[in-house]
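Each remark here refers to the structure printed beneath this line.
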Amino acid sequence: MLYLASQSPRRRELLGRLGLPFGIIDLDVPEQRAPGEPAEDYVRRVAREKAGAGLLKVMANPAALVLGSDTEVVLDDEVFGKPRDAEDAAGMLRRLSGRTHQVISAVSLVSPSRERQTVSISQVTFAALSAAQIDAYIGGDQWQGKAGAYAIQGFAETFITRLDGSYSGVMGLPVHETAQLLREFGLEPVPPASRTPVATP
Ligand SMILES: Cc1cn([C@H]2C[C@H](O)[C@@H](COP(=O)(O)OP(=O)(O)OP(=O)(O)O)O2)c(=O)[nH]c1=O
């Protein structure tokens, strides 16, 4: 049985695209970068910790397979997680304006006997943003709960001049890499035509 250890509705939607049934485990793993910890190591560690914490909750099932993931925005080796408030968010967007940053998404899959991980690193270039554009974006709510204070899947796509990498990875779960990881555990994604239709009353 596959479980997604995540509160993120984006991850739920992205994993759903693979056509495999899965359960949800709610958890809250602290995200704190250790001093001097390289950005990629940090993202990998948090993804592993989320999957591991999830597995602890469903350990009673020996067939449990738990997926945990973490996404961070990285600019000049600084990690931009989810903004604390609107001011923090505006500061992040000012820093990202006119520059290319990385979005690192790590995915961990753990069973009681195995653990594997994959990582997707995308390069995202932002156009120069005016103060008015930043203010207007922060006036809405699409930045909330998003690493780097933007969501590519919303209005912020208008800020992006170039993406080199995985769109779904930027959104929180790299779908291609996740499919490959699941195959390593014997789970084959199900194409739409082969899915069992859900009975409607
Ligand atoms: C950059 C970017 C991030 N995000 C989101 C993906 C992640 O949900 C979030 C980064 O925070 P995460 O800590 O990776 O995830 P989360 O706290 O939302 O969910 P959980 O730990 O329970 O799995 O930012 C977007 O939705 N769009 C984007 O363009």
Side-chain angles (χ1 to χ4, degrees), residues 4-15 26-51 68-108 117-175 177-178:
L4 172 66
S6 175
Q7 320 253 37
S8 160
R10 278 86 51 184
R11 295 209 167 103
R12 231 166 270 192
E13 196 241 302
L14 290 166
L15 185 60
D26 270 339
L27 60 124
D28 209 359
V29 168
E31 300 184 20
Q32 184 91 54
R33 188 181 180 194
E37 185 175 29
E40 184 181 334
D41 292 6
Y42 166 60
V43 180
R44 284 178 177 271
R45 177 173 61 79
V46 173
R48 217 164 30 239
E49 287 175 2
K50 288 178 182 175
S69 181
D70 190 57
T71 299
E72 306 287 340
V73 163
V74 182
L75 180 73
D76 299 334
D77 198 45
E78 197 177 322
V79 172
F80 296 173
K82 289 166 280 191
R84 285 184 306 276
D85 52 27
E87 199 184 320
D88 193 27
M92 288 183 185
L93 294 180
R94 278 196 292 272
R95 297 276 307 280
L96 297 177
S97 168
R99 305 268 322 263
T100 299
H101 63 268
Q102 285 75 50
V103 180
I104 308 182
S105 277
V107 184
S108 275
Q117 185 171 67
T118 186
V119 70
S120 150
I121 303 183
S122 300
Q123 313 286 327
V124 179
T125 305
F126 266 32
L129 303 177
S130 67
Q133 276 178 300
I134 293 176
D135 281 355
Y137 187 67
I138 300 300
D141 62 4
Q142 291 188 2
W143 57 273
Q144 288 178 14
K146 314 296 190 318
Y150 75 91
I152 194 171
Q153 67 272 30
F155 186 76
E157 195 168 3
T158 67
F159 303 159
I160 295 171
T161 59
R162 191 180 164 87
L163 162 65
D164 186 357
S166 163
Y167 182 94
S168 54
V170 176
M171 243 181 99
L173 190 75
V175 168
E177 290 80 353
T178 301

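Since this is a predicted model, take the numbers as computed values, not measurements. Every heavy atom of this structure was used, including side-chain atoms; hydrogens, water molecules and symmetry mates were not.
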Main-chain N/O of [Y] paired with [X] side-chain donor or acceptor, under 3.5 Å:
X: S97; Y: L93; value: no
X: E31; Y: G81; value: no
X: S69; Y: A106; value: yes
X: K146; Y: Q144; value: yes
X: S168; Y: V175; value: yes
X: E177; Y: V107; value: no
X: S122; Y: S166; value: yes
X: Q102; Y: V73; value: no

Does any part of the side chain of I160, heavy atoms only, come nearer than 4.5 Å to the side chain of V170, both counted from C-beta?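 No, their side chains stay 4.5 Å or more apart.
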Specify the closest pair of heavy atoms between I138 and A90, including all atoms of both residues, with the distance to one decimal.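 For I138 and A90, the tightest heavy-atom pair comes out as CD1-N, 3.9 Å.
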Heavy-atom closest contact (Y167 atom, I152 atom, distance):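 For Y167 and I152, the tightest heavy-atom pair comes out as OH-O, 3.5 Å.
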[X] side, atom [atom1]; [Y] side, atom [atom2] - distance, nearest 0.5 Å:
X: S6; Y: L27; atom1: OG; atom2: CG; result: 7.5 Å
X: M92; Y: I134; atom1: CE; atom2: CD1; result: 12.5 Å
X: D164; Y: T100; atom1: CG; atom2: OG1; result: 9.5 Å
X: R44; Y: Q117; atom1: CZ; atom2: CD; result: 5.0 Å
X: E40; Y: R45; atom1: CD; atom2: CZ; result: 13.5 Å
X: Q7; Y: R12; atom1: CD; atom2: CZ; result: 8.0 Å

Pairing residues for D88 by the salt bridge (Lys or Arg N to Asp or Glu O under 4.0 Å) criterion, not counting sequence neighbours: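 D88: salt bridge (Lys or Arg N to Asp or Glu O under 4.0 Å) contacts with R84.
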By salt bridge (Lys or Arg N to Asp or Glu O under 4.0 Å), which residues pair with D28, not counting sequence neighbours?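 For D28, no residue satisfies salt bridge (Lys or Arg N to Asp or Glu O under 4.0 Å) once neighbours in sequence are set aside.
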Thinking salt bridges, do R33 and D70 make one under a 4.0 Å N-O criterion?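 Salt bridge between R33 and D70, a charged N being under 4.0 Å from a carboxylate O: no.
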Taking only Lys NZ, Arg NE, NH1 and NH2, and the carboxylate oxygens of Asp or Glu, determine whether E78 and R95 approach each other closer than 4.0 Å.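 Salt bridge between E78 and R95, a charged N being under 4.0 Å from a carboxylate O: yes.
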Positive for ring pair (Phe, Tyr, Trp, His ring centres under 6.0 Å) with Y137, one of Y150, F126, W143, F159: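 Among the candidates, only F159 passes.
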State which residues pass side-chain contact (heavy atoms from CB on, under 4.5 Å) with E13; sequence neighbours excluded, sorted by chain then number.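 Listed in chain order: R17, M171.
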Does the side chain of R11 come under 3.5 Å of the side chain of T71 through a donor N or O and an acceptor N or O?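 Present: a donor and an acceptor within the cut-off.
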